[in-house]
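Below is one structure; the comments refer to it alone.
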Amino acid sequence: MKIFPATEENIRNAVELIRKGKLIAFPTETVYGLGANGLDPIAAASIFAAKARPSFNPLILHVTGAEMMAQICSQIPESVLKLMSRFSPGPLTYVLPKSETVPDIVTSGNPTVGVRIPAHPVALRLIELAGVPVAAPSANKFNKLSPTDAKHVAKQLHGEVDMILDGGMTTIGVESTIVTERMGKIVILRHGGVPKEEIEEFLGYRVSETTDSARPDSPGQLKYHYAPAIRIAFRDETDFDRINFSRAAALRFGKTGESDDKDFRLVRNLSVTGDLREASSNLFRYLHELENEDIEIIVADKIEPAGLGKAIMDRLTKAVNYYRRPADLK
Ligand code: TXA
Ligand code: MG
């Protein structure tokens with residue numbers, strides 16, 4: 001097995017591997033990342049190959065702080081510095097003009113680079129010891145569920161990684177929110193661990209989102225993504241007369257009627273009390289559990305898209321859309 005507890009010694013071993021251009025998986029507070037030396041174009045190429053990720057989908061570089069960030073960005077706008085003072089380290093990624101040091105493969109040829117200061121002690125220690133920005137997309141195969149546990153990484157990438165550092169379950173459970181600056185204003189490119197409302201309250205103005213999925217600014221805006229291996233559909237779009245309940249699971253949210261789900265083989269509730277933090281930390285975990293079961297459909301509740309509910313609904317909608325795609329695209 002390649003899973004090792006994230007002790008100081010094992011973090012050092014992981015850093016040795018990073019220096020040799022290898023791939024290692026490590027915990028962050030959002031999801032596990034598939035990490036490599038972010039300044040080494042060959043190591044970055046290995047990430048794309050391991051994930052079977054299209055080369056047009058750029059990687060995020062993870063840094064320990066503003067100093068390392070300045071090495072990879074040609075400019076950090078005022079508004080971003082302001083956001084950093086409140087939300088970094090944490091689940092917020094900034095898309096900024098890149099400097100010459102960043103290989104083009106990392107940014108998929110874009111003049112910008114995605115940068116994040118993670119809040120997880122293991123991630124920070126790893127980057128600190130490596131002494132270079134660590135490129136890390138979520139440690140899953142392209143279009144599959146993101147990992148919130150070391151076991152999830154092993155399930156999809158066992159053959160592709162050299163080491164998985166185990167830091168237990170991630171606390172936030174959905175990926176970082178991604179922002180950029182346009183004409184002096186912050187714009188959201190992907191919903192995630194920092195709710196839009198918190199950013200708006202802090203900045204004192206309404207923040208816009210780019211929604212043009214035909215020409216995504218962040219490929220995180222692709223219409224389908226994050227799909228479990230089992231078909232998933234929304235409850236209010238499902239014809240219950242056509243369900244084989246003995247092979248179906250319900251994914252619920254909040255208080256539900258006691259007899260509502262008695263026919264389903266399996267029932268999971270993201271948060272019985274309707275707590276969105278609890279729900280986001282359970283989302284990928286439950287989907288991973290359910291895709292391991294012998295069932296044919298997951299029937300999911302819709303969640304009101306406010307606060308963290310936006311990030312959760314975004315992931316669920318993309319998973320549902322994956323199974324709505326014309327068959328020839330699958
Ligand atoms: O929470 C997270 O952000 C996790 C952990 C590991 O840090 N990482 C993560 O990476 O979610 P990934 O690669 O799965 O998603 C990163 C998203 C992608 O949709 C990518 O297209 C977008 O960030 N991105 C990266 N660089 C970008 C850039 N220069 N311009 C626009 N979008 C960018
Ligand atoms: Mg991802």
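A quick note: this is a predicted structure, and the numbers were derived from the prediction, not measured. Numbers here simply count residues along the sequence, with the first being 1. As the structure lists them, so they are numbered: ligands from 1, and atoms in each ligand from 1.
When non-hydrogen atoms are compared, ligand 1 lies under 4.0 Å from the side chain of Thr30 (C-beta onward) but not from its backbone. Residue contacts with ligand 1, taken as heavy atom pairs separated by less than 4.0 Å, involve Ala136 solely via the backbone atoms N, CA, C and O. Only side-chain heavy atoms of Arg53 come within less than 4.0 Å of ligand 1; its backbone N, CA, C and O stay farther off. By the criterion of a heavy-atom distance under 4.0 Å, neither the backbone nor the side chain of Lys98 is placed next to ligand 1. When heavy-atom distances to ligand 1 are checked against a 4.0 Å cut-off, Thr180 has no atom that comes that close, whether in backbone or side chain.
Residue contacts with ligand 1: Ile178 is included, with a non-hydrogen atom under 4.0 Å away.
Taking every non-hydrogen atom of Asn57 and a distance limit under 4.0 Å, the qualifying atoms of ligand 1 come out as 18 (C), 19 (O), 20 (C), 21 (O). Residue Ser176 approaches ligand 1 through these ligand atoms, each under 4.0 Å from one of its heavy atoms: 1 (O), 2 (C), 3 (O). Counting atoms of ligand 1 from 1 in the listed order, those under 4.0 Å from a heavy atom of Thr112 are 28 (C), 29 (N), 30 (N).
Residues Arg235 and Phe240 are in side-chain contact: their nearest non-hydrogen atoms beyond the backbone lie under 4.5 Å apart. A heavy-atom distance below 4.5 Å is not found between the side chains of His152 and Val31. Side-chain atoms of Val161 and Leu34, non-hydrogen and from C-beta on, do get closer than 4.5 Å to each other. For the pair Ser138/Tyr32, no side-chain contact is recorded, criterion being any heavy-atom separation below 4.5 Å from C-beta on. A heavy-atom distance below 4.5 Å is not found between the side chains of Lys98 and Cys73.
For ligand 1, none of its N or O atoms has an N or O atom of Thr107 under 3.5 Å away. Residue-to-ligand polar distances place His62 within reach of ligand 1: an N/O pair is separated by less than 3.5 Å. Every N/O-N/O distance between Lys51 and ligand 1 stays at or above 3.5 Å.
Summarising the contacts of atom 24 (N) of ligand 1 with Pro58, Gly114, Ala25, Pro54, the nearest heavy atom is found in Pro58.
If you run side chain to side chain contact (heavy atoms under 4.5 Å, CB included) between Glu278 and each of Asn269, Thr273, Leu283, Val272, only Thr273 comes through. A salt bridge (Lys or Arg N to Asp or Glu O under 4.0 Å) with Glu160 is found for exactly one of Lys141, Lys155, Lys51, namely Lys141.
Evaluation of the side chain to side chain donor-acceptor pair (under 3.5 Å) rule for Arg315 yields Glu175 as partners, not counting sequence neighbours.
At distances below 3.5 Å, at least one donor-acceptor pair connects side-chain atoms of Glu200 with backbone N or O atoms of Val207. With hydrogens and angles disregarded, no donor-acceptor distance shorter than 3.5 Å links the side chain of Thr256 to the backbone of Arg252.
Checking Ser79 against Glu181 by side-chain atom types alone, a donor-acceptor pair falls below 3.5 Å.
Around the Mg ion (ligand 2), the protein N, O or S atoms closer than 2.8 Å are Ser138 OG, listed by chain and residue number.
For Phe202 and Phe87, the ring centers sit closer than 6.0 Å to each other.
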